[in-house]
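Chain letters run A, B, ... following the sequence lines, proteins first, then strands; residues in each count from 1.
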There are 2 protein chains.
Amino acid sequence: MAEKIKEECEKRLLPVRDALDILSGKWKLPIIVALFFGNKRFKELEREVKGITGKMLSKELKDLETNQLVKRTVLDTSPVAVEYSLTKYGKSLEKLITELYKWGEKHRKMIIGK
Amino acid sequence: MAEKIKEECEKRLLPVRDALDILSGKWKLPIIVALFFGNKRFKELEREVKGITGKMLSKELKDLETNQLVKRTVLDTSPVAVEYSLTKYGKSLEKLITELYKWGEKHRKMIIGK
DNA sequence: GTAACCAGTTTACTAATAGATACTAGTGTA
DNA sequence: TACACTAGTATCTATTAGTAAACTGGTTAC
């Protein structure tokens, strides 16, 4: 009986870890949130996401693309422009981010309020 | 105008990062979830959270205690037993974990289903 | 032609995270 | 007295994450 609960619990942990892995690291959420405000070019993101280096931005965008949260579009202009946007799937993070926000805000208040 | 939105966005990011920082790492969530199923002693947790080492468990529990998610109680028995439990505040993570679970599960299905 | 912008990549480094293993100090059991 | 269990700590190593700064190759504006 207790064994079954344990197994169930481990199985349930997998998707939770997945979600956390995708979002963790210093830069993924700032990038995602920046893209919530509209599609952006590489250099635009580099400027808006304060403190990020080109290397990290490049790497994180690739990760996000792999997980299909972000779409990379090469625009047929001269010179070529590259636009990054959230996929519909990326946008589905909104509720989760809101929940992170709500809890984090509560936490801030509690820690500061001591 | 655009500046104001950017500032607002950065301010909003802080609590989101806080929440993520507290939850990220390999072991914090497994420990929290184990404690959702009831109070546990150190060695119990070491056995239940598969793969964790004593060192990591010790460190993670301290972090969680610092953030007031977990309470450490030394029981007045002989030999001394130490019990870890979720605080009321720790329990307030339930909704957030559920949201992580829901999103993570969707993600799993999408990735596997390809 | 040269200076500047775009979309990155490369190299070299440091810092943070995690793992393996051994160890301590106290208690309980046979 | 020997062995095992509890609640950890200490030391060392490996891996991963992140930073800094230079560099590429193409484009456009002066």
Side-chain angles (χ1 to χ4, degrees), chain A residues 13-14 16-35 38-67 69-86, chain B residues 13-14 16-35 38-67 69-86:
Chain A
L13 212 54
L14 289 172
V16 179
R17 282 233 55 82
D18 287 348
L20 214 62
D21 284 347
I22 287 163
L23 262 26
S24 73
K26 195 170 171 185
W27 301 112
K28 279 181 189 95
L29 272 171
I31 294 169
I32 291 168
V33 171
L35 291 176
N39 302 354
K40 301 274 159 66
R41 313 249 304 265
F42 188 88
K43 284 286 164 183
E44 271 182 290
L45 281 170
E46 201 175 341
R47 275 188 301 266
E48 283 189 29
V49 177
K50 295 271 165 67
I52 198 167
T53 59
K55 185 196 159 188
M56 284 311 289
L57 181 56
S58 167
K59 194 211 137 222
E60 299 289 70
L61 284 170
K62 269 177 204 158
D63 286 359
L64 292 170
E65 224 192 317
T66 304
N67 283 309
L69 301 177
V70 160
K71 199 182 154 203
R72 181 177 180 274
T73 315
V74 180
L75 300 175
D76 191 17
T77 55
S78 168
V80 277
V82 179
E83 196 182 63
Y84 290 91
S85 54
L86 286 182
Chain B
L13 212 55
L14 288 172
V16 179
R17 282 232 55 82
D18 287 347
L20 213 63
D21 284 347
I22 287 164
L23 262 28
S24 72
K26 197 171 172 185
W27 300 111
K28 279 182 190 91
L29 273 171
I31 294 169
I32 291 167
V33 172
L35 290 176
N39 302 354
K40 301 274 159 67
R41 313 248 306 262
F42 188 88
K43 284 286 165 184
E44 271 183 290
L45 280 169
E46 200 175 340
R47 277 188 299 267
E48 282 189 29
V49 178
K50 296 269 163 70
I52 199 167
T53 61
K55 182 196 158 187
M56 285 310 290
L57 181 55
S58 166
K59 195 212 138 223
E60 299 289 71
L61 284 170
K62 269 177 204 158
D63 286 358
L64 293 170
E65 224 191 317
T66 303
N67 283 308
L69 301 176
V70 160
K71 198 183 155 204
R72 181 178 180 273
T73 315
V74 180
L75 300 176
D76 191 18
T77 55
S78 170
V80 277
V82 179
E83 195 183 64
Y84 291 93
S85 54
L86 287 181

Per-nucleotide protein contact along nucleotides 15-21 of chain C, 5' to 3', at a 4.0 Å heavy-atom cut-off (B base, S sugar-phosphate only, - neither), is ---SBB-
Look up atom CG in B:Leu23 and atom CG in B:Leu69, then write down how far apart they are to the nearest 0.5 Å. 8.0 Å
State, with a plain yes or no, whether a side-chain heavy atom of A:Leu64 is found less than 4.5 Å away from one of A:Ile31. yes
Calculate the interatomic distance between A:Glu48 atom CD and C:dC6 atom C1'; express it in whole Å. 16 Å
With heavy-atom distances below 4.5 Å as the criterion, would you say the side chains of B:Leu45 and B:Tyr84 are in contact? yes
Mind listing the N/O atom pairs, protein and nucleotides 1-4 of chain C, below 3.5 Å?
none

A:Ile22 CD1 to D:dA17 P, straight-line distance once rounded to whole Å: 14 Å
Rounded off to whole Å, could you give me the CD1-to-P distance for the B:Ile31 and D:dG8 pair? 12 Å
How many whole angstroms separate atom CG of A:Asp76 from atom C1' of D:dT27? 15 Å
Which donor-acceptor pairs under 3.5 Å do side chains of residues 51-58 of chain A form with protein atoms, sequence neighbours excluded?
from	atom 1	to	atom 2	distance (Å)
A:Thr53	OG1	A:Met56	N	3.3

So which protein N/O to nucleotides 5-7 of chain D N/O distances come out below 3.5 Å?
from	atom 1	to	atom 2	distance (Å)
D:dT6	O3'	B:Arg41	NH2	3.4
D:dA7	OP1	B:Arg41	NE	2.8
D:dA7	OP1	B:Arg41	NH2	3.3
D:dA7	OP1	B:Val82	N	3.0
D:dA7	OP2	B:Lys43	N	3.2

B:Glu44 (side chain) donor-acceptor with B:Arg41 (main chain) under 3.5 angstrom: yes
Can you name the residues that form a side chain to side chain donor-acceptor pair (under 3.5 Å) with A:Lys40, not counting sequence neighbours? A:Glu48
Keeping the roles fixed (side chain from B:Thr73, backbone from B:Leu75), state whether a donor-acceptor pair exists under 3.5 Å. no
Would you mind listing every side-chain hydrogen bond (donor to acceptor under 3.5 Å, both in side chains) that reaches into residues 18-27 of chain A, with sequence neighbours excluded? A:Arg17-A:Asp21, A:Asp18-B:Arg108
Counting only side-chain N and O atoms of B:Ser58, is one of them less than 4.0 Å from OP1 or OP2 of D:dT9? yes
Spacing of A:Leu61 atom CG relative to C:dA7 atom C1', expressed in whole Å: 11 Å
Any A:Arg72 side-chain heavy atom under 4.5 Å of A:Leu61 side chain: no
Over all atoms of both residues, closest heavy-atom pair of A:Asp63 and A:Lys28: OD2-NZ, 3.5 Å
Using 0.5 Å steps for rounding, measure from the CG atom of A:Asn39 to the CG atom of A:Leu86. 8.0 Å
Separation of atom CG in A:Leu20 from atom P in D:dA17, rounded to whole Å: 13 Å
